[in-house]
Asks: 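Have a look at the structure that comes next, please.
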Protein chains: 2
Amino acid sequence: MTVDTSVMRKFNMSYVRRVGALEESFLGSGLPYGTARILYEIGLGAGTVQDLRSRLGGLDSGYVSRMLRTLESKGYVTMHQDPTDGRRRLVALTEDGVKQWDDLERRSEERAHLLLDPLTPRQRDRLNDALATADLLVRAATITIEQVDPRDPMAQEAMGHYFAEIGDRFGFTVGDEGFGDDPSLRPPHGAFFVAASDGAPVASGAVREFDGTGEIKRMWVDPAWRGAGLGSRLLRHLEAEALRLGHRVVRLDTRDVLTEAIGMYERAGYERIDRYNDNPHATHFFRKQLG
Amino acid sequence: MTVDTSVMRKFNMSYVRRVGALEESFLGSGLPYGTARILYEIGLGAGTVQDLRSRLGGLDSGYVSRMLRTLESKGYVTMHQDPTDGRRRLVALTEDGVKQWDDLERRSEERAHLLLDPLTPRQRDRLNDALATADLLVRAATITIEQVDPRDPMAQEAMGHYFAEIGDRFGFTVGDEGFGDDPSLRPPHGAFFVAASDGAPVASGAVREFDGTGEIKRMWVDPAWRGAGLGSRLLRHLEAEALRLGHRVVRLDTRDVLTEAIGMYERAGYERIDRYNDNPHATHFFRKQLG
DNA sequence: TCATGTACCTGACTTTAGTCAGATAATTCC
DNA sequence: GGAATTATCTGACTAAAGTCAGGTACATGA
């Protein structure tokens with residue numbers, strides 16, 4: 001497979017040269033780049049030091065600590081012990097810190113204006129569309145699918161969306177049953193996967209054993225992400241896991257209203273079968289031979 | 001006028017976080033970022049130290065000199081005196097330097113692949129389209145229109161394109177007449193403008209005095225740039241200059257085959273008039289009241 | 001031909017960015 | 001309740017990035 005990277009590389013070159021100095025917008029604020037980024041992330045809503053570090057891509061803990069000390073001494077942030085876990089420290093902007101943050105915002109805004117203002121309204125719309133598309137696809141490409149414990153906060157959040165959506169779309173709400181913790185979705189006979197972008201779950205799915213064969217459960221894709229090929233990617237992942245767990249066949253159930261999902265299953269090689277369980281909300285049943 | 005910058009800013013955030021590390025591709029090469037960038041630019045065709053500094057955005061001369069010394073001691077570049085100006089030094093890659101450069105290329109290529117490979121072919125096409133559109137518009141927005149002497153290399157290059165195109169499209173070639181140097185396009189009664197992107201001319205145009213009123217000449221827009229609003233922008237610029245030169249009226253001639261140009265003149269408020277000169281190739285004549 | 005300017009270089013310096021090895025206090029797990 | 005783990009901090013360090021003040025050789029224009 002040959003993939004042409006020239007368009008992307010050309011774009012990177014020229015865009016980074018012109019704008020990539022998003023970084024530069026942090027300069028001139030009197031704060032070094034790293035420190036300004038930290039201040040900015042705090043203003044964006046980082047609560048704990050941990051949170052901050054993960055948002056910034058795993059910076060050294062000592063390094064971050066030192067920068068926080070700098071910001072504290074300048075009077076931009078205050079730090080307090082987290083009441084729910086005494087090891088953690090909560091970070092917050094002071095009034096002066098908020099001012100600094102606004103200043104960074106303003107600079108960033110100015111920078112964007114410098115580029116957008118010379119364009120006609122039609123060109124601006126085209127540029128917005130192009131950037132939004134590129135953003136979505138680049139995000140989609142950098143999504144990672146990871147196995148997590150179904151009790152993990154990420155998994156819980158994903159299932160929360162999943163059930164909320166079902167409740168929303170079908171006029172019923174789900175109680176604790178099936179949400180909190182379902183051991184069948186955990187090893188050794190099950191597995192739960194979450195696809196995350198920027199630390200937020202955007203899709204989830206699980207495999208478990210049911211009646212001697214593999215079964216796919218909890219398939220959910222964030223509405224904003226549908227049509228980006230994420231569902232199929234996750235499905236392939238789940239099938240591979242089912243195979244690893246020793247199944248040659250997987251089954252799943254779904255509902256007639258979920259037409260996109262049904263189309264996806266069919267494209268992925270699933271065939272309609274008769275009802276195999278007593279799920280009252282399911283209307284369609286599928287199976288696929290693996291390997 | 002309120003302009004929504006949020007899409008662009010969101011894009012910058014996420015793109016720079018993921019890819020903006022075009023920079024990172026320079027790392028792992030054994031060279032620090034700055035030094036690697038210098039090596040890369042030399043390979044791209046920088047000839048003199050001066051050239052290099054301007055391409056890199058005006059770095060400190062001492063800083064660049066020191067990095068060149070490093071590259072020289074590693075055997076990646078050689079430096080010689082410029083025979084045409086003994087103050088200048090010419091920089092070139094050695095064989096080892098070319099190897100290093102290829103290595104940087106490979107890394108940059110790998111980085112792009114990392115992003116493109118997870119996408120489906122259709123998604124890749126969409127991303128390519130989006131990035132190409134964004135690239136064009138961003139370039140268009142950062143174009144600067146500058147007044148130059150018509151004898152300046154930039155102006156000559158632009159006029160070369162202009163006449164080549166006319167020769168190409170109308171089956172005749174133009175001799176020296178009008179190309180080399182036309183004093184009427186220079187101050188005090190004329191002005192020549194070039195719009196440049198990345199140092200290459202993409203549009204040109206001139207104002208001069210003819211028969212007591214202003215006249216617009218040498219209007220040319222690079223074919224790749226048509227439809228990006230560049231022509232109108234340049235036209236407004238030329239009109240402002242005509243006004244500054246004391247004219248209340250500008251005229252121009254054009255040819256019936258140039259339908260885009262004619263449309264642009266009409267949208268800009270030009271009205272058809274009778275022939276006012278004896279240009280054998282002109283078929284349409286326009287005039288506009290300024291101020 | 002001489003003053004002025006240009007292109008590049010050297011040395012001395014500062015600030016940023018980042019790493020690594022412990023230390024400390026709170027929490028979690030048997 | 002004690003051991004292991006976790007979240008954060010401190011200190012000591014290095015390399016990279018960048019600035020500034022001269023200095024030298026060459027070029028240019030009156």
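Throughout, protein chains are lettered first and strands after them, A, B, ... in sequence-line order, and every chain is numbered starting at 1. Heavy-atom basis, side chains included; hydrogens, waters and symmetry copies ignored.
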Asks: So which heavy atom on A:Ser197 is nearest to which on A:Val202, and how close?
Replies: CB-CG1, 4.1 Å
Asks: NE2 of A:His80 versus C1' of C:dA26: gap in Å, rounded?
Replies: 19 Å
Asks: Of all residues at least two apart in sequence or in a different chain, which pass the ring pair (Phe, Tyr, Trp, His ring centres under 6.0 Å) check with A:Trp101?
Replies: A:Tyr40
Asks: What one-letter contact string describes nucleotides 7-14 of chain C from 5' to 3', where B marks a base within less than 4.0 Å of any protein heavy atom, S marks contact via sugar-phosphate atoms alone, and - marks no contact?
Replies: SBBBBB--
Asks: Would you kindly give the CE-to-P distance between B:Met67 and D:dA17, to the nearest whole Å?
Replies: 7 Å
Asks: If we ignore hydrogens and angles and just use 3.5 Å, is the side chain of B:Arg218 paired with the main-chain N or O of B:Gly205 as donor and acceptor?
Replies: no
Asks: Checking A:Thr35 side chain against A:Leu31 main chain: does a donor-acceptor pair fall under 3.5 Å?
Replies: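 A pair under 3.5 Å: no.
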Asks: Within this structure, what is the CG-CD distance for the pair B:Leu71 and B:Gln100, rounded to the nearest 0.5 Å?
Replies: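 Answer for the CG-CD pair, B:Leu71 versus B:Gln100, is 9.0 Å.
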Asks: Does any non-hydrogen side-chain atom of A:Trp225 lie less than 4.5 Å from one of A:Ile143?
Replies: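 SC-SC contact between A:Ile143 and A:Trp225 confirmed.
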Asks: Nearest whole angstrom, please: distance from the C1' of C:dA17 to the CD1 of A:Ile38.
Replies: 12 Å
Asks: For the atom pair CG (A:Leu245) and CZ (A:Arg208), what is the distance rounded to the nearest 0.5 Å?
Replies: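 One gets 13.0 Å once the value is rounded to the nearest 0.5 Å.
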Asks: Work out how much the helix from C:dT1-D:dA30 to C:dC30-D:dG1 bends between its end axes, five pairs an end, to the nearest 10 degrees.
Replies: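 It comes to 30° between the two terminal axes.
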Asks: Return the 5'-most residue of the pair A:Asp82, A:Leu59 with respect to DNA chain C, ranking by each residue's nearest nucleotide.
Replies: A:Leu59
Asks: Is it the case that the side chains of B:Asp82 and B:Thr84 hold a donor-acceptor pair, with the cut-off being a distance below 3.5 Å and no angle test?
Replies: yes
